[in-house]
Structures are given as structure tokens and as C-alpha cells.
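Take a look at the structure below.
We name chains A, B, ... by the order of the sequence lines, and we start the count at 1 in each one. What's counted below: heavy atoms across the whole structure, side chains too, no hydrogens, waters or symmetry copies.
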Amino acid sequence: MTTPPQSFLELRDLRIHFPTEDGLVKSVDGLSFKLDRGKTLGIVGESGSGKSVTSLGILGLHKGGGAKISGEIWLDGEELVTADQDHVRTLRGKKMAMIFQDPLSSMHPYYSVGAQIIEAYRIHHKVSKAVARKHAIDLLGRVGIPQPDKRVDDYPHQFSGGMRQRAMIAMSLSCDPELLIADEPTTALDVTVQAQILDLMTDLQREFNSALIIITHDLGVVAELSDDILVMYGGKCIEYGSAEDIFYRPEHPYTWGLLGSMPRLDREPTERLLPIKGTPPSLINVPSGCAFNPRCTFTDRTEGRSTSEVPELAETEGGHLVRCHMSREERRSIWDNEIKPMMEST
Amino acid sequence: MLRFVVRRLALLVPILLGLSILLFLWVRALPGGPAEALLGERATPEAVERVRRLYGLDRPWYEQYFTWVGNLLRGDLGVSTRTQHPVLEELLRTFPATMELALTAMIFAVGVGIPLGYFAARRHGSWLDHLSVAGSLFGITIPVFFLGYMLKFVFAEKLGILPTDGRQDPLLDVVHPTGFYVLDGLVSGNLEAFADAFQHLILPGIALGTIPLAIVVRITRASVLDVLHEDYVRTAEAKGLKPATIRGRHVLRNAMLPIITIIGLQVGLLLGGAVLTETVFAFPGFGKFIADSIMARDYAVLQGFILFTAVVFVLVNLLVDIAYGLIDPRVRVA
């Protein structure tokens, strides 16, 4: 047993593998990061990069399909992977909570919004229904639902999409969780509502001083909110750093691709986006060497190591980690001289 | 909710009206008639004509129809040409028997089927799951009369632990205030009669309930499997709910809708489809009475019984619809 970390949340070499008929799916393959209270971590990646499985794994909800988990998850001095699952259950909802992607399918259709918040609250607090109901109304008011004393008895289908996500957030916050994980919290919402929900989440995070993980494929979402950003590819972290590092000094070709494919209002609408060619890798037959090598345009600059050797996640400067075979100087020169000018070419 | 029920009950009127006309024409479209059936093959045309006139069968069909409907509205279903008893009396005698049988079959099907389907879904891919799928296929395909005779052979003949046929031991001294023999035993405080009537229901109940059982197992398994993968079940887990609470409150309640639908449809089938079971077990019920009445071209009985079945069927499905609204707020009518 290793020593408990100083950080509020720390993952050490987390691996979550699913055996299937076609082979072992390595959804999460050696992921490590730290997160303190009051801080926000954005986890970014394409579909199938392992970001959602990571969050489910932290909550202990990765089971099904005979998932195999290894590594360590430390939450406030407690290790969760080897902990008694019944104990982990008592932490769910109270110490750590999750906001899911699609609030319509994630809320139970047969129970009123209030009943679902009351249920969440009463699992962890031995209070009467009336007290829990007051708490639910209070929460709905705080997340900006008008007339919460009336809407508390409405069913999810009677709420609009944005209101449902607010209600979902209210439910997640019902027990003042210290760790809040939001899995694509705004994907199902339209853009104006997205901004409102993101504002709400940061306000509430400040109020509760909780640690927040935002999982998304949308760099725009994490840009504003995150202190740190973790870019995932093929179940691994390929770049990690502060938001400034990732947006102003990115060093991994995949991160360059993500930034180049992001639509921006300050560019001409006629200008083409720079997509990343190819498709995300299979998590069963991960490409040998660097998992990104089939889609990378810089493989000729690594003396063939791209396809033969898995690159290490190495620190380039002050907590900025990159998993790439190219040298730091080479990466910076490519960014400064080739990528950045191309992205600012208007 | 009340308006919904009233509206649905009002809908019964056109349904029954249409059905009664179709029914009326259908029984008359059968070759032969009650007079021929009563008098046998060697009856003279004059005798047949006399009997036809006696029952008013010589008049045009619409006249007969209006007379029948008029009597029906006064609660008079006519007289059976076969037994010479009032149809209503026959109905009140045979329906409780079949109702008891159908309920036994349904309790068997639901009581065994829902837990079996549920556990098959929870242990998806296990031997229990495979066994339930294979077993239910077997249950659907096995002919009722064959199963009935096999049950009788094993449990009544060989083991001798259950009665072979009938509704009750004729040697018992019993009274029948309700016509439901199991209930009669209870209300009259005659526990021996109660136990005897119940024992008589077990084998035919199993024989009749096997097909519904197989269907309930399959539907339950499929809908529980569906619900288990729903996002809101994962949300319930993320809240930290106990697994048992999740199963009861979040999984089973949602899986109930398709199950209830099937149960509603099966009840209708059980009432009409008990003929084979009732024949095998010499059970004096509704289905067997209808089958005999078809042979005798007993118009009044056929019309009355089938119309009654339709009313029961519609009412059961009305209950199903009400249950829908109670379970799922999205289909609740304002």
C-alpha cells in the first residue's frame, strides 16, 4: 500500500479494461492526475478516448461487462479501488456526485423532479420527507428554476432541456458533494443555455469549494472553466497542463488538431477548419508505438520511434506534461512556426 | 382520471353495438340451426318449421335482432335451446368456474413468470437465463391438451396427490352462495370444501397458465433487460441508492408496463381459450359450455356469452390503461 497523497483527489496509474469477444478493450490505460478542492479539471478527448469510463470508475460505476480495474483512486485520503464497494456506495451522492450528459434519459420518468431530489437527499440524511422537500425546493431555487415550490412536483418531461439539466445539477448538489463530475453537461443543450449552465456550475463550485471535473469533447467549454486540462487519447493522457499551457503553448500534435478543429468566432466564416484526419483508434488493437501515429503528420521527425515505442508522459516545463517522441525544442518550433500562424492566418 | 374512465366506458357502447350485430349475423351464418340441431337428422321439414316458429327464427334477422336487444336491455338474455335454462342462469353458473380457473392460471403465470424473467434478466447470459429462454419456448409450443393429460397422468394417476377432474368432490356437503367454489368454502367456513375446490384448480390452472407463463417470462426478461441499461438506473446508482432499492423502485416499476399490457391481453384469451383445459379436466366452465353450444347452434347462448366475454375483455383492458396512468405520469390524462 502506498502512502495517501496530499491532494484531495489523486488517480495513480488507473486502468479499466473490459474483456470482450474481440479482445481486451483498454478503455483507460494508466491514467494519473491530481485535483485539489476548489479547482476544476477539464478532461478532453474524442468519443471512445476513455474519458467517461474514467469518471464512472472514480464513482465505482464502471462495472458491467466484467470490467477489470487496477491502480489507485485516492479521495480525501481514502483509496477507493480496493475499498469495500458498499462503503464506496455510501460515498456516492454524498462525497462525490455526477452530472450526466442527457438530463432527460438520466432522470427517472415516473417520479417527480422533487421526489428524485428528495430521494437523493434522504439516502444520506436521516430527515423527514417534509424537511427533505424544503431542501429540494431550496435547491431548485438556487439553480435558477422559477417557482420552485410549484415545479418541485413536476415530472422531468414537463421541464425544458435547460431546466432539466438545472434540476439534475440540483440533485447532484443535494448532499453538498466535495467532488463533482460533470460528464458532457451541456452537450444536449443549445448554445445560450450551455453558457447559463456553465456559469451556474462555476458559481456553485465557488460556493461549495468543491473539486470539479468537466468531461467534454468541446474545448470551448473547458477553456473558460478549467484550471487544468487533461487531453485523453486512446485511454491515455497525452497532454496535461494548465489551461494557458494547453491553449497558448500546446505541444502535442493531437492537441494542435483539437484546437485547429474548434470553430471560433474571431475567424472568418469562410475559412476552413483544420480537422484531424482519420478516426479514433480501436481500444482493442491500439496502434503500436504512439497510439496517435496513424493520424499524426509529424511521424517522420521521430526517427521511426512513433511506430515502435510508446512515448512516455514527460514534463516539459512546470507541470506541463506531454506524451510525444519529438523533442521539446522541435515541438515548440512546429507550434510557433507552422501551426500557430496557420490558425491565425486571417 | 374519472373523465377518462367515463369516456372509455362510453366507448363500450359503439363497440358492443357493432360486435352484437356481427355476432348476431355470424351465429346465423353457421350451417344448420338450433331447430335442426335439436330435432336431429331425421326430423321432418314441418317439425323443423314448427320449432323455428316457436323460437321466432322464421322472422327476418333484423326483427329478431331488435327483439333480442330489447330483451337484453331489460336484462333478459333469452333461453338456451339446448338446456332450456335461461342464458343468464347458465352464465352465472359457468362463468365463476372459468373465472376461478383463469385467475389460478394467471396467478401461476405472473407469480412464477415475473420473478423468473426478472432473475433471468439480472443474470443475463447465465444458465438460469438460457434455461428460462429455452423453457419458455417449450412452454409456448407444448399443446395444452397434451400438457393437461401429462399433468393428470403424473400428479393424479401415478402420485395420486391431486384430483383428476371436476370442480369439487361431489361427495362433499357444500353450499354455493357465490358460485366461486374456493370463495364459497371460505364464506361458509367450510375449510374442507375450500381446500378441495383449490386442489381441483391446481392442475387445470397450471395447464392453462403455461402459455401465459412463457409469455410473461419473456416479456419480463426483455423489459427488465431494457430498463437495466437505462441512464436513470445509472443515475440512481450514482446517488448511492442501495441495490435492492434500485431494483424495486427504479427497475421493476418501469418494467411493469409491458408486463401489465400482456397480462391484460392474456386474461381475455384465458376466458375464451379455456375450452381445451376445461375439456381435459372435465371442468364445468364457460369455454366448454360455449363449445357445446356451438355444436347445438344455441344462438341465444352464443350471443350472450360472447358479448359478455367482450365486456369483460374491454373492462380488463380499461383497468390496464388505468394502471398505465398510475405507473407512468407521461401517459396520465389530464
Side-chain angles (χ1 to χ4, degrees), chain A residues 52 55-56 58-66 85-113 115-125 153-158 164 167-168 171-172 174-175 177 180-181 183 188, chain B residues 1 118-130 220-221 223-261 320-334:
Chain A
S52 289
S55 60
L56 290 175
I58 296 172
L59 265 77
L61 296 178
H62 54 279
K63 59 191 184 318
Q85 285 310 296
D86 217 42
H87 173 65
V88 175
R89 180 180 63 73
T90 62
L91 299 179
R92 278 204 290 273
K94 180 157 176 59
K95 191 136 194 151
M96 49 187 181
M98 188 145 175
I99 299 168
F100 290 101
Q101 178 171 358
D102 181 353
L104 181 58
S105 65
S106 299
M107 295 194 93
H108 199 291
Y110 295 176
Y111 296 100
S112 69
V113 170
Q116 298 188 48
I117 299 175
I118 290 168
E119 182 183 49
Y121 188 61
R122 289 186 77 213
I123 299 168
H124 304 289
H125 298 89
D153 294 318
D154 278 356
Y155 290 92
H157 69 273
Q158 293 165 311
R164 272 197 290 268
M168 186 83 201
M171 188 160 86
S172 314
S174 62
C175 299
L180 189 59
I181 303 176
D183 187 0
Chain B
M1 182 57 103
Y118 173 71
F119 284 111
R122 270 194 58 206
R123 309 211 189 321
H124 182 47
S126 69
W127 63 268
L128 179 80
D129 186 25
H130 295 305
T220 306
R221 176 178 172 275
S223 57
V224 169
L225 268 182
D226 265 2
V227 176
L228 278 176
H229 291 106
E230 289 285 354
D231 287 347
Y232 52 76
V233 173
R234 194 184 55 191
T235 307
E237 289 174 331
K239 285 186 195 176
L241 275 175
K242 288 200 178 83
T245 317
I246 294 175
R247 277 175 229 143
R249 216 183 310 172
H250 292 264
V251 175
L252 214 50
R253 178 167 166 187
N254 291 59
M256 279 320 285
L257 275 195
I259 300 171
I260 289 176
T261 312
V320 168
D321 285 347
I322 293 173
Y324 258 67
L326 291 179
I327 292 176
D328 188 345
R330 287 172 300 181
V331 296
R332 203 165 291 165
V333 245

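- For the pair A:S105/B:Y232, no side-chain contact is recorded, criterion being any heavy-atom separation below 4.5 Å from C-beta on.
- A:L56 touches chain B through its side chain: at least one heavy atom from C-beta onward sits under 4.5 Å away, while N, CA, C and O do not.
- With a threshold of 4.5 angstrom between heavy atoms, A:S106 approaches chain B through its backbone and through its side chain.
- Taking chain B as the reference chain and counting heavy-atom pairs below 4.5 Å, the highest number among A:T90, A:L61, A:D102, A:L91 is found for A:L61.
- In this structure, chain B has heavy atoms under 4.5 Å from both the backbone and the side chain of A:Q116.
- When the options A:I58, A:L59, A:L180 are evaluated for a side chain to side chain contact (heavy atoms under 4.5 Å, CB included) with A:M98, the one that passes is A:L59.
- Around atom NE2 of A:H157, more than 12 heavy atoms belonging to other residues, nucleotides or ligands sit under 6.0 Å away.
- Both the backbone and the side chain of A:H108 come within contact range of chain B, judged by heavy atoms closer than 4.5 Å.
- Contacts of B:L228 with chain A are absent, with no heavy-atom separation under 4.5 Å from either backbone or side chain.
- Take B:H130 and apply the side-chain hydrogen bond (donor to acceptor under 3.5 Å, both in side chains) test, not counting sequence neighbours, and it matches no residue.
- Interface residue A:A120: backbone and side-chain heavy atoms are both found under 4.5 Å from chain B.
- The line from CE of A:M96 to OG of A:S55 is 11.5 Å long, rounded to the nearest 0.5 Å.
- A 4.5 Å side-chain heavy-atom check between B:K239 and A:H124 finds every atom pair outside the cut-off.
- Counting heavy-atom pairs closer than 4.5 Å to chain B, the top residue among A:M168, A:K94, A:Q101, A:M171 is A:M171.
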